[in-house]
Amino acid sequence: MCQKKAYTDVISQFAEDLNIRIVYSSLPDFKDRYMVHIRENYAGCSFRERIITQEEAQIINVDDISVELDITIEDIISQKVYVINDFADFADYEAKLYVGAYFTALIFRLKGQNFQEEHIKGIASLLDLSSFMQLLDITSYTCRMFHAVLVPEESLWSVLDAEAFTNVGTNTINRQLSETYHDDGFDIDLNRDLRKVTNDTGKEEYVSHIMTMVYLPVPQVWEHTHAYLERAIHAAEAETTLCFSEKLYQ
């Protein structure tokens with residue numbers, strides 16, 4: 001069985017996104033009132049109200065929200081959301097906040113960077129919805145991390161842990177695996193795939209996408225969210241290391 005390892009730069013180099021998402025049903029004036037709150041408390045940020053793109057819908061995982069709220073995908077993506085960026089507190093990353101009728105999602109483009117813990121308190125403050133609870137029925141609070149690996153066949157098991165990709169031989173074209181763990185008080189989904197692709201020069205390579213989702217308790221007392229988020233991000237990092245080889249550290 002593969003083992004957890006230290007989450008260091010050898011793994012964070014493959015990090016793509018960190019996504020904090022809150023799903024809810026809301027009353028009609030929530031979105032505008034929350035936007036006023038953002039503008040009053042986060043000077044310098046910019047925003048637009050628009051329909052999210054197909055790529056954004058995939059990153060936010062609108063399909064999952066549709067199932068959770070028992071509404072159609074079209075109902076979700078047809079609604080305009082506020083897209084807010086240029087947060088001074090998160091200048092190290094490309095960070096966007098999406099505020100809609102059914103979800104709020106904060107997405108960091110990590111681009112191979114290790115997420116800085118100094119930002120966790122800022123995230124908890126930004127996503128503090130305690131002043132709007134009378135307008136919301138929150139159904140879930142999740143933290144997701146995405147990693148992507150592209151390697152030639154000769155390096156495959158020097159980067160990925162073969163035990164995390166059971167029954168996946170190097171001739172496998174497409175393989176998806178998923179497990180659910182319970183660790184540090186959280187339910188955690190670890191999903192990964194492995195695909196053989198041909199690059200522009202005709203050489204065969206392997207692509208793996210790893211998604212780790214941590215389910216946080218729906219906040220009842222919002223001052224606890226900083227501690228919960230810190231634990232959840234560390235839990236996502238720790239579970240992700242199951243997919244990577246010890247040889248990376250050598």
Partner set under side chain to side chain contact (heavy atoms under 4.5 Å, CB included) for Arg231, not counting sequence neighbours: Asp184, Phe186, Tyr228
Applying side chain to side chain contact (heavy atoms under 4.5 Å, CB included), can you list everything that pairs with Glu179, at least two apart in sequence or on another chain? Tyr181, Arg192
Any heavy-atom pair between the side chains of Tyr34 and Asp32 that's under 4.5 Å? no
Could you check whether any side-chain heavy atom of Ile73 comes within less than 4.5 Å of a side-chain heavy atom of Ile77, counting everything from C-beta outward? yes
If you measure only the distance, is there a donor-acceptor pair under 3.5 Å linking the side chains of Thr240 and Thr212? yes
Below 6.0 angstrom between ring centroids: does that apply to Tyr102 and Tyr24? no
What pair of heavy atoms forms the shortest contact from [X] to [Y], and how long is it?
| X | Y | answer |
| --- | --- | --- |
| Ala232 | Val214 | O-CG2, 3.6 Å |
| Cys143 | Leu18 | SG-CD1, 3.8 Å |
| Lys5 | Ser245 | CE-C, 4.2 Å |
| Glu74 | Ser78 | O-OG, 2.7 Å |

Give a yes or no on this: more than 12 heavy atoms of other residues, nucleotides or ligands lie within 6.0 Å of atom CD of Gln134. yes
Would you give the length of the straight line joining atom CG of Leu127 to atom OG1 of Thr104, rounded to the nearest 0.5 angstrom? 7.0 Å
Taking only Lys NZ, Arg NE, NH1 and NH2, and the carboxylate oxygens of Asp or Glu, determine whether Asp64 and Arg21 approach each other closer than 4.0 Å. yes
Salt bridge present between Glu49 and Lys31 (N-O < 4.0 angstrom): yes
Taking Asn41 for its side chain and His37 for its backbone only, find out whether a donor-acceptor pair lies under 3.5 Å. yes
